[in-house]
Structures are given as C-alpha cells and as structure tokens.
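Worksheet: the structure to be examined is printed underneath.
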Amino acid sequence: MPKVFRVALDTPLRRLFDYLAPEGAGEPAVGARVRVPFGRRRLVGLVMGTAGGSDVPAERLKPILEVLDRVPVLDPAAVALLEWASGYYHHPIGEVAAGALPKALRAGAPSAALQENWSLSREGREALESAAARRAPRQLAVLTLLAGEDSMTADALDERMRGWREAARALLKRGWLDRTEVAQGREPSTAGVRCAGPALLEEQAQAVAKIGAALGGYGAFVLHGITGSGKTEVYLRLVERVLGAGRRVLVLVPEIGLTPQLVGRFRERFDTPLAVLHSGLTDHERLLAWREAFSGHARVVLGTRSAVFAPVPDLGLIVVDEEHDSSFKQHEGALRYSARDLAVVRAHHARVPVVLGSATPSLETLHNVTAGRYTRLRLLRRAAQAQPPVLKLIDLRSSAVRSGMATPVVLAIQRHLTDDGQVLVFLNRRGYAPTLLCTGCGWVAPCGECDARLTVHQDAGRLRCHHCGADAPLPTRCPVCGFEVKAVGQGTERVEEALQALFPAVSIARLDRDVVRKHGDMEAVVRRMSSGEARILVGTQMVTKGHDFPNVTLVVVLNADQGLFSTDFRAPERLAQTIVQVAGRAGRGARAGEVLIQSSFPDHPLLTHLLAQGYDGFAEAALAERAQASWPPFARLAALRDSAKTAEGALTFLTEARQLAVAPPRGVRLLGPVPAAMARRAGRYHAQLLVESPERARLHEFLDGWLPQVEQLKSARAVRWSLDVDPIELF
Ligand code: ADP
Ligand code: ZN
C-alpha cells in the first residue's frame, strides 16, 4: 500500500480524506496546506497526518495537486488542538480546521507576506529606446524609473511615484514589465522592557513566583483577585519572564473594544511587536496580524476568542483575562466552543502554564480548583491604596421612585458630585424604553418577527427589535385605536435624559451599543470620563469591564432584578458577576467607593449572600444549589438545538432525534424537546433537546453513536440544527 496523506477539507462530512503524494514535487509535512481534487472541484485542505494505507481502493486514490506550504501553518500542538476540538465538540474536522485560519489562507494565500518586485522586461527596454511608449506619459515615467534599477519593490515605487500602479498594470499587460513575488524576510524582533512596573505586593509576588516556577511545563492557575488587586501587573511580570527566555505569549481577552486599556498597558511596558486579533478586523487586517504571529515577529499575540487558534511559535505562556466572561463562548456559526477551555487544552498540548484571571471566576473554574485540577492564587487586597467599596441594597418598594431612580439614590448622586466624585450608573438595557404602550387600548408595539416587544429609541425616532434588528418609525398614536402612546420602563437613553433634568449643570456621558458604533467611539467616551469633563457615566454591560476611572466614587446598579428569576440556571451567576464587576469600578483611586443596588426583592438569598459574604459566599451557595439540582459543573450537558419556519417543524426533528435514543445508556438522560422561551426569533421557531450525564465520558460516548444517526434523519434537512457541548445559555 502506498503512503497516504490524511487531509481535512472544509465539508460537513465527519472524516478526513486520503490522498497520495503529489507527483514529482516533495511531500507535504503534517500541518501544511495542500490543494487537492475533490469531485469536480479543487479545494485547499490541511494535512492532519499520514498513514500506511487507506480504506479507499488504491485505484481511486488521487494525488495531491500542489503543496502550498513548505513551513506548515499548523505545528503539531495546533494539529492536536484541532483534533481535540473536533472530537470534544463533535464537529466535522474539516470545518474546525478551516475555522482556525484566516479566510485568505483558506483560499490559498501565502502564509508569509510577499515582497512585490517590478522590473523592466526586454520588450520594455526596447520600447523605451524606440520611443514607442511616448504617448502615455505616466507609463513612460514608470519605465524610465525602472530603467535605472535592476528591480524595485512596490514599497519603493510607492515612495517614488504616486499612482504608479495603474500605469504598471497596463505595462504588465503589454509585456513591458515583469512582476515577481518573494517571501518577505522579516527582521527578527526583540523583546525589550520599556519600564519596570511597581514593586509587587506580597500576594502578587507569590503569584508570580508560583506560576513562574511552572514555566516550561503545563500547569493551570486561577488568578482570583478582587478588582483592582493588580492581576494585570501579575500577567505583565510573567510575560516579562517568558519574553526574557526568548519565548512568546498568547493573551486572550473578552472583547477587544472593551479592553483598549490592556493593550495599552502591554504596549507601554514592552518594547516588542504585538499582534492584535479581534472580530473588528477586516479580512486583510486579520491576515496581516496572523502573519505577524505566524512569523514569530510578534512576541505577544493578544486577541479575542478565536485567537485561541492563532499560531504562536515557541509559546511559553497563555493568559485568559476575565475568564468568566461569556464572550469566550462561541455560540453561533459552525464550531461552538469555549475559548477558555480550549486555552487550557492548548496549554496542555504545548506544555506551558495557563493563567485564568478573574475577580469573579466561573463556577466551573472554581469547581476545577476544588477538584484539584487548577491551582488557585488569591489577591485579596487592592493594589495602590484603594479600599474595596461598600455595597448597599436600596429597596425599590419602600422609597419614591422617579424615572427608575429611588430618592436615596438621587441624593447619593448629588452628594458624590458635590464631593467632586464621579458617578457610574449601570443598567443592562439600551434604548429609551423597552415598551411602547397605548394608553387607550393597551396595545404594545410587538416585533413582527419575534416573540418580543420593540424597544423605543427616542433620539433616533425609531422602534427597534433587539433580537432581530427590525426597525420601524416611532409612532405618536396607536396604530389600532388612534389614542396616544407612551414609553414605559427605562433604558440607558432615558436614564441619561432623567439625570440631565435632575443635574442640568453636569456633563453626562453614555456608553452602550447605540453610542459605540464605530472604532474610536468608545475611546472618546473613556476620554471624557478620564479627563473629568463628564461627571456621570450611564451605560450597559460595557461599563462593567476593564475601565479604570480612579475618580469614580459611586456606582449605582439600577435594576438587579432581571437576573433573579430567569429560567436559565446560570442567570444568578451572571448577575452576581455583573454586580461585583461593576461595583469594582468604584473607589479605584485614593477615595473609598460606595455601591448602591436597587431591587424590589432585597431579601432574595442571592443578593443577601452576595452582600454579606461577597462573591466567595455567593459562589459557595450557588455551587451547593447546582450540586443538588445536578446542573453543571456537577453534570455534563449538550444541547441539540434547531430552528424551523414553523413551531411544529422545530419540534419534529428534535422529537425524532430523541426517538433514536429510546433507551439511552445508563447515566445518560435526554430532556425535552421544548420550545425556546422566546420561541420565535427573526421569523423562525427555536427549540432544544438537552442531553445530560454526570460523567463526561458517558455523554461523549453517547453523542458519538447518536449524532451520525441524527444527521441522517430526513427531518434534519428541513431545519437548521446545531450541537452545543457545554452550552452556557439555555432556554
Ligand atoms: P486588576 O487587573 O486586578 O483589576 P490592575 O492590575 O489593573 O488590577 O491594578 C489596579 C491598579 O493598581 C492599577 O492602577 C495598577 O497600576 C496599580 N497597581 C498594581 N499593582 C501595583 C503595585 N504592586 N504597586 C502599586 N500599584 C499597583
Ligand atoms: Zn424581532
């Protein structure tokens, strides 16, 4: 049997494809891209391994057409990571592999930047001498320029002549110029430290020592430090060590737009190239950043979720900042994965330590600490001289409430402003009001495509659906009875308006997705707060993350109740994390902070635990509850979800899927199917079937046998379906 190359191709089939070595040319290495024939098409694939034989009859095996990489784009640890992800998330390997590369590389673009060289051809030289080129002055100028040199790079041409490219293209067509591309030699980068950080506090020093001692091998560490305790400083010291040893670092952050300060701190500290990878990049920018990482020129690769797949030669350390953040979970599109969990797996394959940092570690992570899989390092004191803030509940039932704000809150804002402090007001709802109501007939503006109400956007004069994006003009009268309509409830826009009416002389800033539309909007708001020009900041989740405003002395949580009574068992955890994170924005400077949390249920155990015992106390109680109910992390879950044009259609597929497992193996339970809490979204009906087991191995064994059958169901073709292993949002 001849040697075969096992290639991952971007298809929904759960397998690799066997090919023979290319004719003539050399063999591809594992991790290299190849071009292969596939049916009538030619596809770019990745060599995942080799074998001594194939199940495909020898006469049907085809040779690889072309080897695209001499240096593999995936190192062995990366190949192992993709295989692991494909197995664990039960997703076709070809799609997993394709998703790990920028689009241009999937299409066959070179892995290194190319230098474009232009030179005069023999015909071009003759044309120049014979005066045949005289009629086009710009073309003549390009020919003349190149006549003086053996060749010129595109960069050099850019410098010498504006608009040369158009002329050069025309000349290339006439055969008067030659154009070649060669891989660009990268000058090796250095990893200098611009400035030393502050002397470490005892706890910080211990954390650096512990993790530092593990460098060179695998180890999973949870850096559990209250907000402002100097976690970032710990990362920076570790990064310094790793860079000093000539290795590189991967840093994952929740959302790059929300963490410009972290990027800034890396740039301030290190005199070394940084590659930044996030969802806001164009395809071309992503390719450039990927190449910076791949070539090793960048010594620090910093990015969001998908950067967990970024190439980092000589990786020495992985940091996951704000590990609890739900944006590390990819819950749409092809592969649904947790970048945090993959970071741990990658660290394991690459034999490097991984640091999971947070002030509010996820319950899964805390459970892994208890189980001895992760080592927890604590930072219990704030760095600098900052004091932890004091939290207080405000009972919405026992005080006068106007525009969503209770009197004690308004008075507190007044007091902090008078004392020269800044105030942060958090409300997890953008827009002006969540409901438009007719005062005559009780009509409520609905979304035509979703089981949801339309949100009033007063500034824009629109009604918008926050689930499907539907958008309509804001009516002044009820379309049913013609009576007057009014906005009910509070959004950030309305709270800003109310605060402006209460404090007309004070400058107020707002931060939410309606304000932050393009690059730079966020920075502008942050600048207004940092400079002290704005005294009050009203915002959504965006204000809870990363920003360090030392002069904020009061934080107000306008409504803690949204998370108290959700059907999702994770809602309390998210609420506690949000409250602690936003509270952590108070008193980051020299002055102590105050945090006021408004609630109509101030006796709710979640809130009382959180206030009396902090996040630790909450986490302990919440874990006990999860254990009792057999929810994760005490059970393993996978959600089979689908959507269809009718409610019935959505349930049919899942019901048939369930029937394929009439007698599931011991220890595996199927729950559902049930329609989603918001069944209709964007005109489609959503439903889900849960698979649960106390043991991971059992769950996966079951899925391995079941999914290929599910895929074959006829009803599968009538719906859009997906499997989500370790889902974090349930309905
Ligand atoms: P975290 O990431 O835990 O929220 P940071 O690393 O941002 O905390 O630190 C909070 C503040 O304290 C920052 O302004 C930082 O510069 C400062 N800081 C951190 N460590 C020290 C230290 N050892 N000595 C003095 N200031 C420190
Ligand atoms: Zn909608």
Side-chain angles (χ1 to χ4, degrees), residues 195-209 222-240 251 253-254 258-266 268-269 319-325 355-361 377-389 431 434-436 444-457 462-472 530 544-552 577 580-591 593 615 643 676 678-686:
C195 57
L200 293 181
L201 299 174
E202 176 72 24
E203 292 175 328
Q204 286 176 314
Q206 275 175 12
V208 171
V222 179
L223 186 60
H224 183 180
I226 61 169
T227 48
S229 59
K231 292 183 289 297
T232 312
E233 192 54 44
V234 171
Y235 307 152
L236 291 169
R237 288 310 163 94
L238 289 166
V239 170
E240 189 179 328
V251 183
V253 294
L258 303 180
T259 40
Q261 292 192 358
L262 187 64
V263 176
R265 279 172 78 174
F266 271 83
E268 250 165 50
R269 186 64 61 87
V319 173
V320 183
D321 190 30
E322 308 291 2
E323 69 86 30
H324 65 278
D325 198 289
V355 181
L356 309 177
S358 176
T360 53
L377 303 160
R378 305 215 53 169
L379 307 178
L380 296 165
R381 292 202 313 134
R382 279 197 161 181
Q385 67 280 64
Q387 296 296 309
T435 304
L436 186 71
V444 164
C447 175
E449 300 292 307
C450 306
D451 293 334
R453 293 170 179 181
L454 293 172
T455 300
V456 179
H457 286 254
R462 312 292 295 180
L463 279 172
R464 289 190 185 132
C465 176
H466 289 187
H467 304 281
C468 73
D471 181 293
S530 298
T544 66
K545 304 185 190 189
H547 312 293
D548 197 354
F549 302 123
N551 209 29
V552 167
Q577 287 165 344
V580 174
Q581 294 285 346
V582 72
R585 306 297 127 207
R588 308 256 307 176
R591 291 189 286 169
Y615 188 74
S643 75
M678 186 190 294
R680 196 170 53 109
R681 270 202 314 273
R684 295 182 68 87
Y685 291 81
H686 297 252

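First listed ligand is number 1; within each ligand, the first listed atom is number 1.
- Residue, atom and distance of the protein heavy atom nearest to atom 26 (N) of ligand 1 are Ala384 N, 3.8 Å.
- Note on His466: not counted as a metal contact of the Zn ion (ligand 2), no N/O/S atom lying under 2.8 Å.
- Without hydrogens or angle criteria, Gln577 side chain to Thr360 main chain gives a donor-acceptor distance under 3.5 Å.
- The side chain to side chain contact (heavy atoms under 4.5 Å, CB included) with Val320 is formed by just one residue from the set Val251, Leu356, Val222, Val355; it is Leu356.
- Nearest non-hydrogen protein atom to atom 14 (O) of ligand 1 is Asp548 OD2, 3.6 Å.
- Remark: minimum distance from atom 2 (O) of ligand 1 to any protein heavy atom is reached at Thr232 OG1, 2.7 Å.
- Atom 20 (N) of ligand 1 has as its closest protein heavy atom Gln204 NE2, 3.0 Å.
- Taking the six-membered ring for Trp, His466 and His457 have ring centres closer than 6.0 Å.
- Checking Ala199, Gly357, Gly230 against atom 9 (O) of ligand 1, the nearest heavy atom belongs to Gly230.
- In this structure, the side chain of Arg237 does not engage the main chain of Val208 through any donor-acceptor pair within 3.5 Å.
- Minimum interatomic distance between Arg382 and Ile226 (heavy atoms only, all atoms of both residues): CG-CD1, 3.7 Å.
- Classification of Arg269 and Glu233 as a salt-bridged pair holds, one side-chain N sitting under 4.0 Å from a carboxylate O.
- With Arg585, Lys231, Glu233, Glu203 as candidates, the residue nearest to atom 1 (P) of ligand 1 on a non-hydrogen basis is Lys231.
- Close N/O approach between Pro198 and ligand 1 is not found [any backbone or side-chain N/O within under 3.5 Å].
- Under 4.0 Å from ligand 1, not a single heavy atom of Arg382 appears.
- At least one N, O or S atom of Cys450 sits under 2.8 Å from the Zn ion (ligand 2).
- With hydrogens and angles disregarded, no donor-acceptor distance shorter than 3.5 Å links the side chain of Arg680 to the backbone of Tyr685.
- Of all protein heavy atoms, the one lying nearest to atom 17 (C) of ligand 1 is Ala383 CB, 4.1 Å.
- No more than 12 heavy atoms of other residues, nucleotides or ligands shown are found within 6.0 angstrom of CZ on Arg453.
- Atom numbering of ligand 1 starts at 1 in the shown order; those under 4.0 Å from a heavy atom of Leu201 are 23 (N).
- Counting protein heavy atoms only, atom 10 (C) of ligand 1 is closest to Gly228 O, 3.7 Å.
- With hydrogens and angles disregarded, no donor-acceptor distance shorter than 3.5 Å links the side chain of Asp451 to the backbone of Met678.
- Nearest non-hydrogen protein atom to atom 16 (O) of ligand 1 is Arg265 NH2, 4.0 Å.
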